[in-house]
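Since this is a predicted model, take the numbers as computed values, not measurements. Heads up: numbering here begins at 1 and tracks the sequence.
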Amino acid sequence: QVQLVESGGGLVQAGGSLRLSCAASGRTFDKYRIGWFRQTPGKEREFVAAISLRGVTTKYADSVKGRFTLSRDNAKDTAYLQMNSLKPEDTAVYYCATVPASGIDLQTAVSEYQNWGQGTQVTVSS
């Protein structure tokens, strides 16, 4: 129902910043919670951050808390992941995904999300 396209990835030095964007098509963007996940070869896709329908509530993985900020602009059908103080261990393919709002807590499980973008590569050098 929602088509997602990530952008903004690239190669940066440790300590640098990147801002990822997740652009959505359709008119139902504001009916979905947005999640960001990342995956490194040899590892399972892991939760990074999630945001509520109106962007009021966010949840972050412990590994990125305090460094990453997730926001959304429903008028532009776009979500953003601001990544600061990047570390080499942040290197991964980053994906945005949608999930229908359900329950009080923001979903963090990969299996709960249904619509995924193609991913954007983030590489942080030492």
Side-chain angles (χ1 to χ4, degrees):
Q1 298 85 4
V2 179
Q3 304 298 316
L4 306 173
V5 178
E6 302 95 334
S7 63
L11 173 63
V12 298
Q13 292 280 347
S17 298
L18 283 174
R19 188 191 191 194
L20 306 184
S21 296
C22 175
S25 64
R27 300 181 63 186
T28 60
F29 181 74
D30 61 351
K31 303 299 183 183
Y32 295 89
R33 294 168 176 170
I34 304 297
W36 281 92
F37 297 79
R38 64 188 183 186
Q39 187 167 24
T40 300
K43 295 183 178 180
E44 296 182 353
R45 190 167 299 185
E46 65 176 350
F47 170 77
V48 175
I51 192 167
S52 60
L53 300 183
R54 296 183 177 181
V56 175
T57 303
T58 53
K59 183 186 291 290
Y60 300 93
D62 290 341
S63 59
V64 306
K65 188 175 183 179
R67 300 187 298 118
F68 291 10
T69 302
L70 176 57
S71 62
R72 68 189 295 170
D73 186 342
N74 289 346
K76 297 181 178 180
D77 291 343
T78 304
Y80 306 95
L81 183 66
Q82 179 67 47
M83 306 185 297
N84 299 325
S85 302
L86 285 164
K87 305 175 181 179
E89 50 262 45
D90 294 320
T91 295
V93 176
Y94 283 72
Y95 301 87
C96 66
T98 63
V99 58
S102 179
I104 298 175
D105 297 327
L106 294 170
Q107 293 94 321
T108 61
V110 171
S111 61
E112 196 71 24
Y113 288 76
Q114 295 182 320
N115 299 297
W116 296 83
Q118 84 288 351
T120 184
Q121 176 71 48
V122 172
T123 302
V124 184
S125 62
S126 301

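Listed by chain and number, the residues in a salt bridge (charged side-chain N to carboxylate O under 4.0 Å, His left out) with Asp90 are Arg38, Arg67 (sequence neighbours excluded). The ring-ring contact (aromatic ring centres under 6.0 Å, His included) search around Phe47 returns Phe37, not counting sequence neighbours. Remark: Asn74 pairs with Arg72 by the side-chain hydrogen bond (donor to acceptor under 3.5 Å, both in side chains) rule, at least two apart or across chains.
When all heavy atoms of Val56 and Ser52 are compared, the pair lying nearest together is N-OG, 3.2 Å. The two residues Gly117 and Tyr95 come nearest to each other via the heavy atoms O-CD2, 3.6 Å. Across every non-hydrogen atom of Val2 and Thr98, the tightest pair is CG1-CG2, 4.3 Å. Residues Trp36 and Cys22 come closest through the heavy atom pair CZ2-CB, 3.5 Å. Of all non-hydrogen atoms in Lys76 and Thr78, the two that sit nearest each other are O-OG1, 2.8 Å. Counting all heavy atoms, side chain and backbone alike, Tyr94 lies closest to Leu81 at CD2-CD2, 4.2 Å.
Taking hydrophobic clusters as Ile, Leu, Val, Met, Phe, Trp and Tyr residues chained together by side-chain heavy-atom distances below 4.5 Å, Trp116 shares a cluster with Val99. In the hydrophobic clustering of this structure, Val124 groups with Val64; members are Ile, Leu, Val, Met, Phe, Trp, Tyr whose side-chain heavy atoms approach within less than 4.5 Å, directly or through other members. Cluster annotation: Val93 is connected to Val110 through the hydrophobic network of ILVMFWY side chains, with a link wherever side-chain heavy atoms come within less than 4.5 Å.
Distance CG/Leu4 to CG/Asp77: 10.5 Å, rounded to 0.5 Å. Rounding to the nearest 0.5 Å gives a distance of 10.0 Å between OG of Ser125 and CG of Leu86. Within the model, atoms CD of Gln121 and OG1 of Thr91 stand 7.0 Å from one another, a figure rounded to the nearest 0.5 Å. In this structure, the separation between CG on Leu20 and CZ on Phe68 is 8.0 Å, given to the nearest 0.5 Å. Rounded to the nearest 0.5 angstrom, Cys96 SG and Tyr113 OH are separated by 11.0 Å.
In this structure, the side chain of Gln82 does not engage the main chain of Arg19 through any donor-acceptor pair within 3.5 Å. Panel note: side chain Ser21, backbone Gly8; no donor-acceptor pair is recorded below 3.5 Å. Between the side chain of Gln118 and the backbone N or O of Glu6 there is at least one donor-acceptor pair closer than 3.5 Å. Judged by distance alone, with hydrogens and angles left aside, the side-chain atoms of Tyr60 form a donor-acceptor pair with the main-chain N or O of Leu70 at under 3.5 Å.
More than 12 heavy atoms of other shown residues, nucleotides or ligands fall within 6.0 angstrom of atom CD in Glu89.
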Check: Can you check side-chain contact (heavy atoms from CB on, under 4.5 Å) on Ser17 and Asn84, steps first, answer last?
Finding: CA-CA 4 Å; Ser17 298; Asn84 299 325; 2.9 Å; yes
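The side-chain contact (heavy atoms from CB on, under 4.5 Å) test with Arg33 singles out one residue from Ile51, Leu106, Thr57, and that residue is Leu106.
The side-chain heavy atoms of Ile34 and Phe29, taken from C-beta on, include a pair separated by under 4.5 Å.
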